[in-house]
Amino acid sequence: MIKILLIGFSVIAINVILQAIASTYWTRKIASSVEKWHDEITTRRAITLLILSFLYLTLLHLIHALIWAVFIGILPATKVDFATSNDLFYYSVVTFTTLGYGDLTISSPWRMLSGFEAINGIMLIGWSTALMYSLIQNIYRSTYKSMHQ
């Protein structure tokens, strides 16, 4: 059980560090874009920022799920549960997003990692949701400010 906890918390830590780095990078990139526009965010720019942010964060979450898939896939006890690496990645995405279809599962005591992955996923997706909300607020403020000057 200690081994499972250590691996679970290690993967969570790796993903949280990745999320922190990616969030900081994206926030700075967006801030510099907005600064270049001198608070004049057109509708086209706003839509572009929102779409690019959404795609960036989606890719980030797929990378998180891939990290989980790699760690689960290297465990000898879980090799019998997944016929292909595609099955393993599918399982990981479904678990990370807390969708949890249950068509693929871990049959060994390592199944506890499923819960760790789901907790990690819901927290990191919430973090990304907060970033998107903040971006929308900043776009609204910039738009409102330029309309009332």
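Note that the structure is a prediction, hence the values are computed from the model and not measured. Count residues from 1 along the sequence. No hydrogens, no waters, no symmetry mates; every other heavy atom, side chains included, goes into these values.
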message: Let me confirm one number: the CE-CD1 distance from M112 to I4, rounded to the nearest 0.5 Å.
response: 6.5 Å
field: For T43, side chain to side chain donor-acceptor pair (under 3.5 Å) partners two or more places apart
entry: none
Closest non-hydrogen atom pair, L57 against S128: CD2-OG, 3.6 Å
task: Please test H64 against L124 for side-chain contact (heavy atoms from CB on, under 4.5 Å), starting from the C-alpha separation and ending with a verdict.
output: CA-CA 9 Å; H64 289 309; L124 295 179; 3.7 Å; yes
query: Should I67 and I63 be marked as a side-chain contact (heavy atoms from CB on, under 4.5 Å) after you check the CA-CA gap, both sets of side-chain angles, and the distance that decides it?
result: CA-CA 6 Å; I67 290 168; I63 293 168; 4.2 Å; yes
query: Are any non-hydrogen side-chain atoms of W110 and I7 less than 4.5 angstrom apart?
result: yes
query: Side-chain contact, heavy-atom cut-off 4.5 Å: L131 with L135?
result: no
message: To the nearest 0.5 Å, what is the distance between CG on L60 and CG on L55?
response: 12.5 Å
- request: State which residues pass ring-ring contact (aromatic ring centres under 6.0 Å, His included) with W26; sequence neighbours excluded, sorted by chain then number.
  value: Y56
- prompt: Atom CD1 in I139, atom OG1 in T42: separation rounded to 0.5 Å?
  reply: 10.0 Å
- prompt: Can you find a heavy atom in the side chain of V11 that is under 4.5 Å from one in the side chain of F116?
  reply: no
- prompt: Considering all heavy atoms of both residues, which atom of I122 and which atom of I119 are nearest to each other, and what is their separation?
  reply: CG2-O, 3.3 Å
- prompt: Relative to the ring of Y91, is the ring of F82 parallel (under 30°), tilted (30 to 60°) or perpendicular (over 60°)?
  reply: tilted
field: Cluster link L99 to L113, ILVMFWY, side chain under 4.5 Å
entry: yes
message: When you group the ILVMFWY residues by side-chain heavy-atom contacts below 4.5 Å and let the links chain together, are L59 and W68 in the same group?
response: yes
- prompt: Quick one: which of I14, L66, T78 gives a side-chain contact (heavy atoms from CB on, under 4.5 Å) with F71?
  reply: I14
message: Quick check on the hydrophobic clustering: are L5 and I72 connected, directly or via other members, by side-chain heavy-atom contacts under 4.5 Å?
response: yes
message: Just so I know, are the side chains of M123 and Q19 near enough to count as touching, which here means a heavy-atom distance under 4.5 Å?
response: no
task: Look up atom NZ in K29 and atom OG1 in T24, then write down how far apart they are to the nearest 0.5 Å.
output: 14.5 Å
M132 CE: over 12 foreign heavy atoms closer than 6.0 Å: yes
task: Take I30 and S53 through the test side-chain contact (heavy atoms from CB on, under 4.5 Å) and record every step on the way to the result.
output: CA-CA 9 Å; I30 294 297; S53 296; 3.9 Å; yes
task: Working to the nearest 0.5 Å, report the span between CZ of F96 and CG of L62.
output: 9.0 Å
query: So, do V16 and N120 sit near enough that their side-chain heavy atoms are less than 4.5 Å apart?
result: yes
Under 3.5 Å, which donor-acceptor pairs link side chains of residues 100-107 to any protein atom two or more places apart or in another chain?
{"residue": "D103", "atom": "OD1", "partner": "Y90", "partner atom": "OH", "Å": "3.3"}
{"residue": "D103", "atom": "OD2", "partner": "Y90", "partner atom": "OH", "Å": "2.9"}
{"residue": "S107", "atom": "OG", "partner": "D81", "partner atom": "OD1", "Å": "2.6"}

- request: Taking all heavy atoms of E117 and all of S92, pick out the closest pair and write down the distance.
  value: OE2-OG, 2.5 Å
